[in-house]
**Student:** 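First the structure, then my questions, so here it is.
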Number of protein chains: 2
Amino acid sequence: MRTLDENKRKAILKAGMDVIAEDGFHQAKIAKIAELAGVATGSIYRYYPNKEAIIVVILEQLWSQLAGELRLLVPRTDMSPVEKLDMTVDLVFDIFTGNTALALIFVNEHHQFLMKGVGTLKDHYNDFLDLAESVIREGVERRVFNANVDIKVFRHFIIGAFRHLLQQWTIEPEALPLNKVRQNLKFIIKNGILLHPVKK
Amino acid sequence: MRTLDENKRKAILKAGMDVIAEDGFHQAKIAKIAELAGVATGSIYRYYPNKEAIIVVILEQLWSQLAGELRLLVPRTDMSPVEKLDMTVDLVFDIFTGNTALALIFVNEHHQFLMKGVGTLKDHYNDFLDLAESVIREGVERRVFNANVDIKVFRHFIIGAFRHLLQQWTIEPEALPLNKVRQNLKFIIKNGILLHPVKK
DNA sequence: ATGAATGATGAATCACCATTCATTATAGCA
DNA sequence: TGCTATAATGAATGGTGATTCATCATTCAT
């Protein structure tokens, strides 16, 4: 008995990623994805029940990978909270560096599918967020991070800043080299903009 | 001779805002907008050439208003750069407070129409950004803000953080009261998360 | 080597919706 | 009180594109 070809499944996913990144989910055409993947339009439906399933799988993989990596980082006792925070930022930067398409999909499409609550996307994403939050919490408990900053707000703050910077990077990569962005992001979340901070 | 009714034009704009905020631009149906505005579907086209024009006008008005207000703030000599930065944040928060629909449109739709370069949207938006940047620049020149922070990155950083926080707020307003968000945002961009910063 | 069984194909289907336009209603003017 | 220009209407049009399915191709257990 013949079996579905996993390479083809991956080719469709990859093609879906590129087309959706370029055209946006609603404008992305199945015919174009099929052509890029080198299969017939109908074949797409042997591997994925519908168009939405393609992007959901892409996003699920993204967050389950990130959560997996962060899960290894969190319990380490040989690192300070500051180092862990920096490493978390690195983790996320690294996954998008060299994958503009994935970056674009995260930036532009992630939110709407998160809201729809399709598949296990939300679970993976929340896993990641909870782990990131525990890094901050450890820092506060160990009196390294400022307890006056609301953790929830801070968490969203970083994600948002990151997302937007990533978006700008996809528009003009030369003007906003990711290394510079990464370094500045790390600095600002730790120190803010003030030259002479007035902490109490 | 009969004239087009400016109240109707506004009603359509308002209805468009609500429907687009709720359903997203591509899912938003002209028929629904027309019904909400209390006009026939065909009448929409007497006031706006097409669906896209509706959202473009909404976004143009948003940024031209914000740029207008910021333009008054920038040259003031009775305020410090820190105060101006805080006021800029307030300006933006104020416009979205009490207008969840506008907030949602900014969060979810703004980017794609900015990219398309339709109408004068980009001009108004850039006006606003340039003015905001001049606030930062003044702070750096007057040795109040840290010159090591790249202004372009910082600018995108704040916008992104703000956008994402706003998005979260539209999802669960009770969990993230805008006052708390505003206060925390101001604090973090100035001071960062570190309890004992190590500025040189 | 054979023939189910299942994969692959892509033209045809079908639902959807922005936009149009023939027709009707109305405001403003003489 | 008509008259006319233009506003308003909403059913019909037309284009689009996701999904289906009848048909063909290929694999592999026998």
Side-chain angles (χ1 to χ4, degrees), chain A residues 1-59 105 108-109 112-113 115-116 118-119 121, chain B residues 1-60 101 105 108-109 112-113 115-116 118-119 121:
Chain A
M1 134 172 138
R2 296 184 69 186
T3 57
L4 286 171
D5 181 348
E6 287 310 308
N7 289 327
K8 216 165 267 185
R9 190 190 299 280
K10 275 180 200 149
I12 292 168
L13 206 68
K14 174 68 165 60
M17 189 145 92
D18 290 344
V19 174
I20 292 169
E22 173 134 350
D23 299 345
F25 179 76
H26 291 292
Q27 285 65 55
K29 289 167 207 152
I30 288 287
K32 189 170 175 184
I33 295 174
E35 189 187 351
L36 196 61
V39 301
T41 58
S43 303
I44 301 264
Y45 291 86
R46 312 216 119 259
Y47 293 89
Y48 300 92
N50 50 49
K51 187 170 126 179
E52 183 171 293
I54 297 174
I55 192 170
V56 169
V57 168
I58 290 170
L59 290 170
I105 290 178
N108 296 320
E109 316 292 342
Q112 61 181 302
F113 294 100
M115 288 301 95
K116 283 195 177 176
V118 233
L121 175 55
Chain B
M1 126 171 139
R2 295 184 72 183
T3 55
L4 285 170
D5 180 349
E6 288 311 309
N7 289 327
K8 215 165 268 187
R9 190 191 300 279
K10 275 180 199 149
I12 292 169
L13 205 67
K14 175 68 166 59
M17 190 145 89
D18 289 344
V19 174
I20 292 169
E22 173 135 349
D23 299 345
F25 179 75
H26 292 292
Q27 286 65 55
K29 289 165 208 155
I30 288 286
K32 191 169 174 184
I33 294 174
E35 190 189 349
L36 197 63
V39 301
T41 58
S43 303
I44 302 262
Y45 292 86
R46 311 216 120 260
Y47 293 88
Y48 299 93
N50 50 47
K51 189 169 126 176
E52 184 172 292
I54 296 174
I55 191 170
V56 169
V57 168
I58 290 170
L59 290 169
E60 279 173 355
I105 290 178
N108 296 320
E109 316 292 344
Q112 61 181 302
F113 294 100
M115 288 299 95
K116 281 194 178 178
V118 234
L121 174 55

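Excluded from the calculations below are hydrogen atoms, water molecules and symmetry mates; all remaining heavy atoms, backbone and side chain alike, are included. Quick note on labels: first sequence line is chain A, next is B, and so on, each numbered from 1. Model, not experiment: these values are computed from the prediction.
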**Student:** Pair up each side-chain donor or acceptor in residues 35-48 of chain B with any protein partner under 3.5 Å, not counting sequence neighbours, and list the distances.
**Tutor:**
unit_1	atom_1	unit_2	atom_2	d
Y47(B)	OH	D5(B)	N	3.1
Y48(B)	OH	R9(B)	O	3.1

**Student:** Summarise how protein sits on nucleotides 16-26 of chain C as a single string, 5' to 3': B when a protein heavy atom is under 4.0 Å from the base, S for sugar-phosphate-only contact, - for no contact.
**Tutor:** -SSBB----BB
**Student:** Rounded to the nearest 0.5 Å, what's the gap from CD1 on I30(A) to CD1 on I54(A)? Could you check?
**Tutor:** 4.5 Å
**Student:** Report the distance from atom CD of E109(A) to atom CD1 of I20(A), rounding to the nearest 0.5 Å.
**Tutor:** 7.0 Å
**Student:** Not counting sequence neighbours, which residues clear side chain to side chain donor-acceptor pair (under 3.5 Å) with K10(B)? List them please.
**Tutor:** none
**Student:** For I33(A) and I12(A), work out which heavy atoms get closest and say how close.
**Tutor:** CG2-O, 4.0 Å
**Student:** Taking CD1 from I44(A) and P from dC21(D), how many angstroms apart are they, rounded to a whole number?
**Tutor:** 18 Å
**Student:** Which residues in residues 7-24 of chain A have at least one heavy atom lying under 4.0 Å from any atom of DNA chain D?
**Tutor:** none
**Student:** Check salt bridge (Lys or Arg N to Asp or Glu O under 4.0 Å) between K116(A) and all other residues, then give those that pass, not counting sequence neighbours.
**Tutor:** E52(A)
**Student:** Name all residues meeting the side chain to side chain contact (heavy atoms under 4.5 Å, CB included) criterion together with Q27(A); count only those two or more places apart in sequence or in a different chain, and write none if there are none.
**Tutor:** D23(A), H26(B)
**Student:** Can you list the residues that meet the side chain to side chain contact (heavy atoms under 4.5 Å, CB included) rule with K14(B), with sequence neighbours excluded?
**Tutor:** M17(B), D18(B)
**Student:** What's the CD-C1' distance between E6(B) and dA8(D), to the nearest Å?
**Tutor:** 16 Å
**Student:** Please report how far the helix from dA1(C)-dT30(D) to dA30(C)-dT1(D) bends, comparing the axis fitted to its first five pairs with the axis fitted to its last five, to the nearest 10 degrees.
**Tutor:** 10°
**Student:** Any base atoms under 4.0 Å from Y47(B), or only sugar-phosphate, or nothing? Heavy atoms, all strands.
**Tutor:** sugar-phosphate
